[in-house]
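Just so it is clear, the model here is predicted, and its values are computed rather than measured. Chain A is the first sequence line, chain B the second, and so forth, proteins listed ahead of strands; every chain is numbered from 1. Heavy-atom basis, side chains included; hydrogens, waters and symmetry copies ignored.
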Amino acid sequence: MIEIRETPLDVAEVTQAVTTPTAGGIDVFVGTVRNETRGKKVVRLEFEAYEKMALSEMEKILIRAREKWPIEKCAIVHRVGTLLPPDIAVVIAVSTPHRVASFEACRFIIDTLKETVPIWKKEIFEDGAEWVSAHP
Amino acid sequence: MIEIRETPLDVAEVTQAVTTPTAGGIDVFVGTVRNETRGKKVVRLEFEAYEKMALSEMEKILIRAREKWPIEKCAIVHRVGTLLPPDIAVVIAVSTPHRVASFEACRFIIDTLKETVPIWKKEIFEDGAEWVSAHP
Amino acid sequence: MKVKVLLFGIARDIAGGAQQDVELDTGANVDALKKKLTGMFPRFNDLKSLMIAVNNEYAHGSTVLSESDEVAIIPPVSGG
Amino acid sequence: MKVKVLLFGIARDIAGGAQQDVELDTGANVDALKKKLTGMFPRFNDLKSLMIAVNNEYAHGSTVLSESDEVAIIPPVSGG
């Protein structure tokens, strides 16, 4: 399950998608919108994606994760559009036969997603806006 | 949120319980019932708890986790009674301002729970039953 | 004195019941209780570990027991 | 040749639009495109990084472009 959606994300749905009787552990990472960053109040976030490439990069991450860990099922669902604190921006779920691998794989997936997947977020403050991580 | 229940666990409910606008990352661990162990088919599991002490030991684990990581909210909900693959036995959720701490704390909590919390599971096979980890 | 001991999991199966009264000398400690119990139920010796909880806390061997304590046998745990 | 370039995030804001036609010599590569773009929009130089994707894959500087390619500017990503 790899998706980009404009509608609210459902943690139970994504967890269900990776649930299988052969797995004993599922790790789920839920990225939520914080109401402040670097001491400034965040009014809302605007997420946008280069959707076709983003889906392809997510697919590559899951392939790499499957090479490293014995993954039963895994899922990445990312939201785009306007989000308010504490809306869910991303849900990643990984099921593995034993739990340690689920934690390691899930962390690898979110870490890599933040480096490679073409999705951008703009933080809207009360007095301005900023594309996150754009400048050194 | 620290609970022991006989009814099915709800991942969304536990995640919701730790969601807060001050956190940016939530890690959720979901322990499910596997349909086989050491090559044998598992028909069902029977979980039992020394409930009062189990709740108290879970509370201690969350206190220790809060000493180690900047946790916003955390929750442990464990199920008891008869479970079938792939039912959910435990849900642990941790929200932190930044994601790395949520992974580390969640893993610490499930690792410690498995060592200290007085809950027992019996695996029922087609040809017998066994209390897990009871013997060397 | 008579101490009521709660039993769980495999310990309950071995003892054949969820509660067991154990006669101990007044002032006996947790180690004395464990010795008495393994004498009554030698299969407790086969377990990977055998902890005693007193009033919902893991107890040291030197913890002194009284009749009013809530005492429980904690065989190896396997939650999660 | 004329290459159509898709722009996202801060790159779109800097260029003032989600798509930009760029005139390049036939056989020009990704490095040549980046040079042209930073010439047209000097504020691209202020970004932490500037990647080019060709047909939905991150491209090396030596990748040769053609008019039929789907080319996109990828400013620093910030999903998750």
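The pair A:Glu123-A:Arg38 meets the salt-bridge criterion, with a side-chain N (NZ, NE, NH1 or NH2) lying under 4.0 Å from an Asp/Glu carboxylate O. We find that A:Lys40 and A:Asp127 are joined by a salt bridge, their nearest charged nitrogen and carboxylate oxygen being less than 4.0 Å apart.
For chain B, the option among A:Val100, A:Asp27, A:Thr15 with the highest count of heavy-atom pairs below 4.5 Å is A:Asp27. Between chain A and the options B:Cys106, B:Ala89, B:Ala93, heavy-atom pairs under 4.5 Å are most frequent for B:Cys106. Among the candidates A:Ile110, A:Thr32, A:Asp10, the residue making the largest number of heavy-atom pairs closer than 4.5 Å to chain B is A:Thr32. Ranked by non-hydrogen atom pairs under 4.5 Å with chain B, the options A:Ser95, A:Ala12, A:Pro86, A:Pro85 are led by A:Pro86. Taking A:Arg34, A:Gln16, A:Glu36 one by one and counting their heavy-atom pairs under 4.5 Å with chain B, the maximum is reached by A:Arg34.
With a 4.5 angstrom heavy-atom cutoff, B:Ser102 touches chain A only via side-chain atoms. Of the two parts of A:Asp111, the backbone and the side chain both hold a non-hydrogen atom closer than 4.5 Å to a non-hydrogen atom of chain B. Contacts of B:Thr22 with chain A are made by both backbone and side-chain atoms, with heavy-atom separations under 4.5 Å.
With no hydrogens or angles considered, no side-chain donor-acceptor pair links B:Glu72 and B:Thr20 at under 3.5 Å.
Taking the ring centroids of A:Phe108 and A:Trp69, they lie under the 6.0 Å cut-off.
Paired with A:Ile88 under the rule side chain to side chain contact (heavy atoms under 4.5 Å, CB included), one option of A:Val30, A:Leu83, A:Val33 passes, and it is A:Val30.
Ring geometry for B:Phe29 versus A:Phe103: interplanar angle under 30°, hence parallel rather than tilted (30 to 60°).
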